[in-house]
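Taking it in order: structure first as structure tokens, then the write-up.
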Amino acid sequence: MPESVIFLDYLFILVPKLVSKSAIVKRQLYEKQGAKCFYNLSSIGKGKDQKNSNDKVVIVLQNYKSLRDKINKDFLVKCLDIEYDDRSFSLKSIVLKYPIVKNDWIVESLKAGKVLPLQQFAYDISHVRVDSEISQDYLLELSDRSTKARKISEIKNQDGPATKQIKLEDTDELEKALASLSNREKFKRDNQDNDDEDDEDLLADYMAVSKNVSGPNKEIIFFFNKMANEYKQVGESYKYVNYRKAINTISKLDYPLKTYDEAIKLPNIGKSLALKIEEINKTHKLSKLFFLQNDIKYSTLNKFMKIYSVGPTIAKNWYDRGYRTIEDIEKKVDNLTSNQKLGIKYYNDWNSKIPREEVTQHYEFVKNIALKEVDSKLEIFIMGSYRRGLPECGDIDILITKKNCNDKSELAAILSKLISRLKSKDHNNYIQCSLIHSGINSKSLKFYGGCLINENSKCRRIDFLMVPYEELGASLIYFTGNDIFNRIIRTIAIKKGLNLSNIGLTFKKTGEKCIENSHDEKTIFDYLGIKYRNPEDRNIGY
DNA sequence: TAAAGGCGTCG
DNA sequence: CGACGCCT
């Protein structure tokens, strides 16, 4: 026996605490192998076994396979009996201190007759959901389960063979594992099933998106794009921008980015992004991404912010008040703005992409009405992602100008007339709703709303922008984007002491115009000292 | 450490 | 008018 004592320097925290006979038999087996066993962190050293300074503490998830869906932050916090801190990342500090492994680490180690490396059995903390309601219920259920099961079997049969059977089954499994290697494949299969499924989901996702991305670093770009979108949707706009800029840097490389050291030297890539690049290359996963996607707080903020007119402040406020679903919001929030109500009404429609071909249809439809029924001298362009050549668009952006017309009230009147025509029954109420209230006498040069091209279609977001002719160049740049491109060239302007907006290019200090009449974009590019870029080349960062 | 800029809506 | 959100 002495030579088989492999866990001599180990201290196991067994979670959750299971009191079934089989669990206790297992615990005794671990102890025979030299391990000290506890059920939570705070009881270490309180029992007969004292912690030695060289003891390696390992948190072992018992019955991992059947519990994996139930494990979340509150579950672990409660099991480990640690101080609860509601910040999303508090578990990280524990994990840094003590490894968390699935129980097959013990099983496989026993089979191998030696302690196997923890890494390959490590429980991925990034999967841990922060979800108090589910886990509280589950913990209650769990604490009863084994006693309940035993009681039922005892009632069925007073001699208790059922109990014995449970015990035999579980210890059998372990003994089989110890005794024979023929089970090795089965164990492997059983325990890797779920991970394989995760990988397949990821792969499908990856394949779908990677159609649009090629090059030696497409995997990194894929993950960084996911991170960018995740951060955008929870209101972390600087992180969003930084990821997009990093993608821009990486997508220019013609060689695969392999190491931290290579990455850190590149512009727009700092320590944390370089580490993530290394993680992606090693594991083909990004734990932070899975954390964000599975964290109840982040996914709820994400959900709320997809409502038009709900930003980070309101989403956080709702989250803090305990709201978790769109239904909660509809029922319990009594001060929704009219735009937010529309955002909920059209939640699905406005979160769907629009095929490029449909945008073309809208363009033809609006152009026709504008020229025939409003003013034949108008010039009408589709902007945004459409002008940048993308196959799908988030919305429909229409810029309208009139040659040599700088009269804003005339332009406003044109817009009012156009909108009222598009709202009319003559055109099947094409405009369904307004997000910027532009009445017939509105002086606004903008209109945002929802529109319907035909009965079978979805309601689409449409934006109109009336532009004085002298502002056309700056407006074309602004309304073409993308957002990151705009920020980059505006930053270039700042560095030259200038200010670039949709109105024009001015001197930062005096506010005077740099260019009197900038009808075209090229003049502005020239003044900034940068080469003209076609709209298709302004898709910065994915 | 800094990070784009203008404008509409709400209270 | 400040805070918030939206547009690229």
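What you see is a predicted model, and the numbers here were worked out from it, not measured in a lab.
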Does the pair A:E410/A:K402 count as a salt bridge with the N-to-O cut at 4.0 Å?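 Salt bridge between A:E410 and A:K402, a charged N being under 4.0 Å from a carboxylate O: yes.
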
Can a salt bridge be assigned to the pair A:D328 and A:K332 using a cut-off of 4.0 Å between side-chain N and carboxylate O? yes

Starting the side chain at C-beta, find the nucleotide from [options] nearest to [X].
| X | options | value |
| --- | --- | --- |
| A:N499 | C:dG5, B:dG8, B:dG5 | B:dG5 |
| A:Y238 | B:dC10, B:dT9, B:dA4 | B:dA4 |
| A:S309 | C:dC7, C:dG5, B:dA4 | C:dG5 |
| A:D397 | B:dC10, C:dT8, B:dA4 | C:dT8 |

Atom NZ of A:K423: over 12 foreign heavy atoms under 6.0 Å: yes

Measure [atom1]/[X] against [atom2]/[N] and give the value in whole Å, please.
| X | N | atom1 | atom2 | value |
| --- | --- | --- | --- | --- |
| A:F479 | C:dT8 | CZ | P | 6 Å |
| A:I540 | C:dT8 | CD1 | C1' | 13 Å |
| A:R490 | C:dT8 | CZ | P | 12 Å |
| A:L498 | B:dG6 | CG | P | 13 Å |
| A:F447 | C:dT8 | CZ | P | 15 Å |
| A:I484 | C:dC7 | CD1 | P | 15 Å |
| A:L465 | B:dG6 | CG | C1' | 11 Å |
| A:I488 | C:dT8 | CD1 | P | 17 Å |

Name the orientation class of the two ring planes belonging to A:Y430 and A:F365 (parallel below 30°, tilted from 30 to 60°, perpendicular beyond 60°). tilted

With a 4.0 Å limit, can you tell me whether [X] has a side-chain N or O closer than that to the phosphate oxygens OP1/OP2 of [N]?
| X | N | result |
| --- | --- | --- |
| A:K508 | B:dG5 | yes |
| A:S237 | C:dG5 | no |
| A:R487 | B:dA4 | yes |
| A:T313 | C:dG5 | yes |

Regarding C:dT8, can its base be found pairing with the side chain of A:D483 as donor and acceptor, where the two atoms are less than 3.5 Å apart?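 Absent.
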
Ignoring hydrogens and angles, are the base of C:dC7 and the side chain of A:Y478 linked by a donor-acceptor pair under 3.5 Å?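 Counting by modelled atom types and ignoring angles, a donor-acceptor contact under 3.5 Å is found here.
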
Heavy atoms only, 4.0 Å cut-off, all strands: where does [X] land among base, sugar-phosphate and nothing?
| X | result |
| --- | --- |
| A:L500 | sugar-phosphate |
| A:I477 | nothing |
| A:I494 | sugar-phosphate |
| A:S385 | nothing |
| A:N486 | base |
| A:R538 | nothing |
| A:N242 | base |
| A:Y308 | sugar-phosphate |
| A:R388 | sugar-phosphate |
| A:I503 | sugar-phosphate |

Give the intermediate values and the outcome of salt bridge (Lys or Arg N to Asp or Glu O under 4.0 Å) for residues A:R387 and A:E521. CA-CA 14 Å; A:R387 185 163 185 244; A:E521 301 172 284; 2.9 Å; yes

Map A:K232 and A:Q340 onto DNA chain C by nearest heavy atom, then report which one ends up closer to the 5' terminus. A:Q340

Determine whether a donor-acceptor pair (N or O, by modelled atom type, separation under 3.5 Å) exists between the side chain of A:T523 and the backbone of A:H519. no

A:E373 (side chain) donor-acceptor with A:A370 (main chain) under 3.5 angstrom: no

